[in-house]
Amino acid sequence: MKELHVFNSLSRQKELFTPINPPFVGMYVCGPTVYGPAHLGHARSAITFDIVFRYLKFLGYKVRYVRNITDVGHLVNDADAGESKIEKQARLERLEPMEVAQRYYNSYIEDLTALNLQRPSIEPRATGHITEQIEAVEAILANGYAYESNGSVYFDVAKYNEDYQYGKLSGRDLENILNTSRENLVGQEGKRNPADFAIWKKADPEHIMRWNSPWGEGFPGWHIECTVMSTKYLGTKYDIHGGGMDLLFPHHEAEIAQSNACNHHLDTDDRDEAKYWLHNNMITYEGKKMGKSLGNAINLRGFFSGIHWTKLQDHMTVKEGMELRDAQDEDGENFKEINLLSQAYTPMTIRFFILQAHYRSTLDFSNEALQATEKALKRMNEAIKRLQGISHKGKMLAINEEFEKNLSSFLEDVKEELNDDFNTARVIARMFDTLSVINQLYKESKNIFAVNPDTFDKFRNDFLAVYQDILGLRAESEEAEESNDLLDGVMQLLIALRGDARKEKNWAMSDTIRDELAKLSVKLEDSAKGTDWFLDK
Ligand SMILES: [Zn+2]
């Protein structure tokens, strides 16, 4: 496509992207609830919107990207009952709730940095916007779309539905919503209607995170923070709202309702909080949903280290390269544990794996799939190195028209794919299509150069821009491997020189080598097999 089109969950179709206030673009993405380590699902959502952020900037837009941090209000069962996710973790770890939030926020950012994500423009926290959330609840009450019940305030879905349409984003009708929410009534006694949701919750005596409000001590409901923080930093009407598909209902549906109930412009059709709603799909493991109870919710740290021990379950297939071990539970029951990862995967392998699928399709991972990705990425990185090394200065030209065409249209081809709802999968396919040209140019560049040098220079710049700036890839692991190889090569040389010195009984020389290396924390260990070296830090 010649111009950017995005799939809008609101209209359920691809739409031409026209920002409200060009060249400015406002984008709000729901960030994590920081009560545990980040997993592959977090990575997919963050990478999806990192691509949107990068590509919009590449197109020349000035993007304000807001991604919130949920540090209060998100209850264990995602509805209005149960313990706070953060407070529960705080109890388990014997920490302050804010210590839990800080700990997992830090590790989230570290993991995302390893995946080469660009930081958003603003990262607001729910606890930093309590006043604004109370004001929003007051406004919704004043407009008649909420009611107070025993210290909690609930959003009145039926009342809202008289004036607006609750369910327009998720495509559910109210009857359907009412039927599904009836199943889970525990802790929801104050509601007039099971479909209603809390916008302010009364704090039980044991609840730690609590604030004064016109309705007594309590804390905000989970959905209200996003309405408030998006409005505060992007205005009541802005361009893009993003998040995982699991947030579409009830979280995003509730956000739209709250926003309309707050602003209350019944006289206009143009009243949805954000213009385009983008949702990334989920990741499965060998065709199954990922979840704690299934034992397959692997943290990013697990992928980076290659370690994810979990109880062996019936749905798991033990494959070559997977380790098993015996374990015992608290009651002394024996069971088998399996390491679901047969090796470690670098952050760039994970990033590339996620980019190889379009963000709206489900993505299934397995060790085999990740290993295939690792190989593909290696091929790509080798080609990048060659591309950077190709020199065409003063070479004889014999233009190969097919090459010429392939290379000169590269960036336009890539943009066509990205303009089609950020199709990174097809961008990567386009890149692989040019690898053979790169390889051939590299081989032949010593004799002839088959494309116009200007075409080549432009292609090289474009290819690197797509690789680094738009897809956000970098050759970190290879560099690390290379410097390790180099260090080992130098060490083998020193070890051989020391061996020669010893043979010649030049003890002064051999001792100098050993002592000087020791000062650099390099230790040598002699054995019958030879000399080994290791870093002793
Ligand atoms: Zn949100």
Side-chain angles (χ1 to χ4, degrees), residues 8-10 26-36 38-39 41-50 52-53 64-80 84-86 101 104-105 108-109 112 120-130 132-134 136-137 140 155 166-170 197-201 209 219-263 272-282 359:
N8 190 351
S9 302
L10 258 181
M27 174 163 84
Y28 186 90
V29 174
C30 290
T33 301
V34 278
Y35 71 103
H39 53 68
H42 291 118
R44 189 173 200 194
S45 177
I47 288 174
T48 295
F49 295 101
D50 187 52
V52 174
F53 186 36
R64 181 181 292 165
Y65 173 18
V66 182
R67 185 180 63 211
N68 71 306
I69 299 294
T70 299
D71 54 2
V72 67
H74 197 169
L75 303 184
V76 170
N77 72 355
D78 282 358
D80 296 327
S84 143
K85 290 191 182 200
I86 287 171
Y104 291 111
Y105 169 74
Y108 176 75
I109 292 300
L112 261 48
S121 328
I122 306 177
E123 286 182 299
R125 289 172 174 232
T127 52
H129 299 75
I130 299 293
E132 293 89 335
Q133 291 178 80
I134 290 174
V137 174
I140 296 171
F155 192 90
Y166 190 72
K168 69 182 287 186
L169 177 68
S170 58
F197 53 88
I199 48 181
W200 185 263
K201 272 293 266 187
M209 299 170 98
F219 57 96
W222 171 37
H223 313 308
I224 194 81
E225 66 174 88
C226 287
T227 298
V228 160
M229 293 190 284
S230 59
T231 308
K232 173 156 181 168
Y233 298 110
L234 300 171
T236 50
K237 186 88 187 129
Y238 58 92
D239 300 296
I240 299 174
H241 192 308
M245 242 167 220
D246 53 335
L247 295 178
L248 204 131
F249 187 89
H251 187 58
H252 290 164
E253 195 73 68
E255 270 188 56
I256 290 180
Q258 290 165 157
S259 175
N260 284 328
C262 257
N263 306 320
D272 302 301
E273 189 183 36
K275 194 170 174 187
Y276 305 98
W277 288 77
L278 273 54
H279 290 97
N280 65 280
N281 214 322
M282 303 291 109
Y359 75 92

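Side chains included, hydrogens not; waters and symmetry mates left out as well; all remaining heavy atoms used. As the structure is a prediction and not an experimental result, all values here were calculated from the model. One-based numbering, in listed order, for ligands and for the atoms of each. Note that the numbering runs from 1 along the sequence shown for the chain.
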Aromatic ring pairing Tyr28/His241, orientation class (parallel under 30°, perpendicular over 60°, tilted between): tilted
Among Arg125, Gln133, Glu255, exactly one meets side-chain contact (heavy atoms from CB on, under 4.5 Å) together with Glu225. Which residue is that?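 When Arg125, Gln133, Glu255 are each tested with Glu225, the side-chain contact (heavy atoms from CB on, under 4.5 Å) holds only for Gln133.
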Ring centers of Phe155, Phe197 separated by less than 6.0 Å: yes
Metal check, the Zn ion (ligand 1) vs His223 N/O/S, cut-off below 2.8 Å: no
His252 backbone or side-chain N/O/S under 2.8 Å from the Zn ion (ligand 1): no
Take the Zn ion (ligand 1) as the vertex and measure to SG of Cys226 and NE2 of His251; round to 10°.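 Here the angle at the metal atom is close to 110°, to 10°.
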Applying side chain to side chain donor-acceptor pair (under 3.5 Å), can you list everything that pairs with Thr48, at least two apart in sequence or on another chain?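 With neighbours one apart ignored, the set is empty.
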